[in-house]
Visitor: 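Sharing a structure below in structure tokens format, with a few things to ask.
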Amino acid sequence: MPIIETRELRKVFRSVKRTPGAGGALKTLFSREYVDKVAVTGVTMSLEAGELVGYIGPNGAGKSTTIKMLTGILVPTSGLVRVAGIVPYERRSENARHIGVVFGQRSQLYWDLPLVESFELLRAIYGVSPERYRANLDYFTELLEMGEFMGTPVRQLSLGQRMRGDFAAAMLHDPQVVFLDEPTIGLDVVAKEAIRNFIAGINRERGTTFILTTHDLADVERLCRRIVLIDRGTLIFDGAIETLRDGYGTHRTLVVELCEPERHVEIDGAEAELTTPTLARFRFDRRTMSAETLVRRVTEKYPVSDISIEEPELESIIRRIYREGYVAEPDAQPIAP
Amino acid sequence: MRFRVEPYVEFAKKAFAREATYRMEVFTNVGSLLVRLYLMKMVWTALYAQNTAPAGVPLHAIITYTTIALLMSLVLEIDGTRIIRDRVREGSIATDLMKPINLPLYFFSDGFGQTLLHAMLIVPSLLLALFIVHIDVPSPFVLLAFAFSFALGYVVNFLLNFLMNTIAFWTLETFAIQLIVRWVSDLLGGQIVPLIFFPGFLQKIVLALPFAAVYSTPLLIYVGTIPPSSYPAAFASQLAWGTGFAILATFVWRGALKRVVVQGG
């Protein structure tokens, strides 16, 4: 049985229609015209226990609306949602026991109190047994190296320290599912790596399911095998990162350093671009032309000092999808069942 | 699911500890109380020197009234539910909703913890106040009735604050409303001037308002204007306000929650 399941999950926000201007404001006071904004247009997905999924989309795509419905703090307009067998919004409190949340931009720690006191409070809230609490706290303290600032008031912690505290706080009650919303935002590379190692470790050792929402695609590349893309409220891709890469990887870029500066470059069958007068980039479809053919054509036409082929970065793929929309290429298989 | 008291005890303890970290504020409160007390004493003494005692209340009784009112304010002026407003504005109310807890009860325990710390200031403040004024001490029975009435007033006051802070779910900002309500309730609640000083008709109105349940009723019990024979009626009226506000708060809270879970806050 999947641990998270949604079917045709939909959320429409309704707000009072506002007419601009002072007269409009007055009109708004008395008229009750509504505008509906569809935030999520029918999302169907299913996650098995122990998966680590990247949930990606541009701002306003409907990511956090989906997450809110999964955590039970938002009632869907229609559709089905189930987390660990529970319909979250019907039994919010019970659902809360199975889930953990980490918001990169918001802390659930007690600002004025030493870090350890927030943990004690969470122990009381979730009714974690003293043995379990001890064991988890020792484990996280070691893994996240929190020993030296356990007694420091949270407001005096660095962002990296605070994030580590927030991670431990979200995991103390052994949740089955953890939602991560931009967990590495604003962190330096070392702290980012520490957090990523922690997520990967917990996922591996405890089989905790993670849904990772982030704009930092390095997080996703490092942690997730599966990626779910959402745009304008609709799922546009659900599958392995490799599938996405292969689907878009039909296009490669040949980067060529020229011996002599050029004003203009052109090759049949490739999109050419001059980055600097001596650096040209040729984007080509590997199904219609082999790299070898392109290299030959280029070297025949221009004196070349160096050549390399660029694999598409996940980031550039996603950027292209945001810009152009997802277009499934014939040999790619989007929306896995 | 089984209800557990532990989290709420823990909330109160943490709120207590949190308040204790603001030591300067705590001392300032005591200082400001003493200044206010001194000024009130000067005002009343000057007024009484010019006029006959209004409503048959002698000067020492009014000084006692004022002193006790100020000591009560140490506790009653703590708006324990302002965290509702803060958390709604920051949006962290969403994380609170993701916890397996009863939120209004959480706010109450948190407010209670804050109050407890400030309540500890009552005795030292009283001792310091005795350097400025002399106060009457009634019989233990009256003191007990006063304490009970004070507790009821505390609950009414909490619910009043809770209601106002919950407005934040709709308006985000409640400061102006709260300031107005605070002034009105200080004046009409009998914190500054005993309500029995209001002229006939007006007195009937202000005594019937909920604000009287917070300060006036316990204070009038303390100074003896409400005799033991009227205690049941006084308590009943406080209880009625408490119950009424509790029902109202339940509805408003439900509306607020609905707004969050349907509109997304």
Visitor: Is the count of non-hydrogen atoms from other residues, nucleotides or ligands lying under 6.0 Å from Y133(A) atom OH greater than 12?
Guide: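 Counting neighbours around OH of Y133(A), more than 12 heavy atoms of other residues, nucleotides or ligands fall under 6.0 Å, so yes.
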
Visitor: State, to 0.1 Å, how close P7(B) and A124(A) come at their nearest heavy-atom pair, and which atoms those are.
Guide: CG-O, 3.3 Å

Visitor: Say whether, by atom type as modelled, one donor and one acceptor occur between the side chain of R92(A) and the main chain of L97(B) under 3.5 angstrom.
Guide: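 Side chain of R92(A) to backbone of L97(B): a pair is present.
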
Visitor: For residues 155-176 of chain A, give me every residue with a non-hydrogen atom less than 4.5 Å from any non-hydrogen atom of chain B.
Guide: none

Visitor: Does R4(B) use its side chain to pair, donor to acceptor, with the backbone of Y126(A) at less than 3.5 Å?
Guide: no

Visitor: Between atom CD1 of I73(A) and atom CE of M98(B), what is the distance when rounded to the nearest 0.5 Å?
Guide: 3.5 Å

Visitor: Can you tell me if W183(B) has over 12 outside heavy atoms packed within less than 6.0 Å of its CH2?
Guide: no

Visitor: CH2 of W111(A) to OG1 of T21(B): how many Å apart, nearest 0.5 Å?
Guide: 13.0 Å

Visitor: How about R182(B): does its CZ atom have over 12 heavy atoms from other parts shown lying under 6.0 Å from it?
Guide: yes

Visitor: Quick one: salt bridge (charged side-chain N to carboxylate O under 4.0 Å, His left out) pairs with a partner in residues 100-123 of chain B, sequence neighbours left out?
Guide: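 The answer is R18(B)-D110(B).
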
Visitor: Counting only non-hydrogen atoms closer than 4.5 Å, does R14(A) touch chain B with its backbone (N, CA, C, O), its side chain (CB onward), both, or neither?
Guide: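 Contact with chain B involves both backbone and side-chain atoms of R14(A).
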
Visitor: At what distance, to the nearest 0.5 angstrom, does CG of L121(A) lie from NZ of K99(B)?
Guide: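 NZ of K99(B) is found 8.5 Å from CG of L121(A).
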
Visitor: Please name the pair of heavy atoms, one in E6(B) and one in R123(A), separated by the smallest distance, quoted to 0.1 Å.
Guide: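 Closest pair (atom of E6(B), atom of R123(A), distance): OE2-NH2, 2.9 Å.
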
Visitor: For the residue pair P100(B) and A96(A), what are the closest heavy atoms and their distance?
Guide: N-CB, 3.6 Å

Visitor: When rounded to the nearest 0.5 angstrom, what distance separates OH in Y8(B) from CD1 in I125(A)?
Guide: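 Between Y8(B) OH and I125(A) CD1, I get 8.5 Å after rounding to 0.5 Å.
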
Visitor: So if I take each residue of residues 101-108 of chain A and look for any heavy atom under 4.5 Å from a heavy atom in chain B, which residues do I end up with?
Guide: V101(A), F103(A), R106(A), Q108(A)

Visitor: Which atoms form the tightest heavy-atom contact between K14(B) and E117(A), and what is the distance?
Guide: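 Scanning both residues completely, I find the closest heavy atoms to be CE-O, 3.1 Å.
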
Visitor: Any residues in residues 28-38 of chain B near chain A, with a heavy-atom distance under 4.5 Å, and which are they?
Guide: none

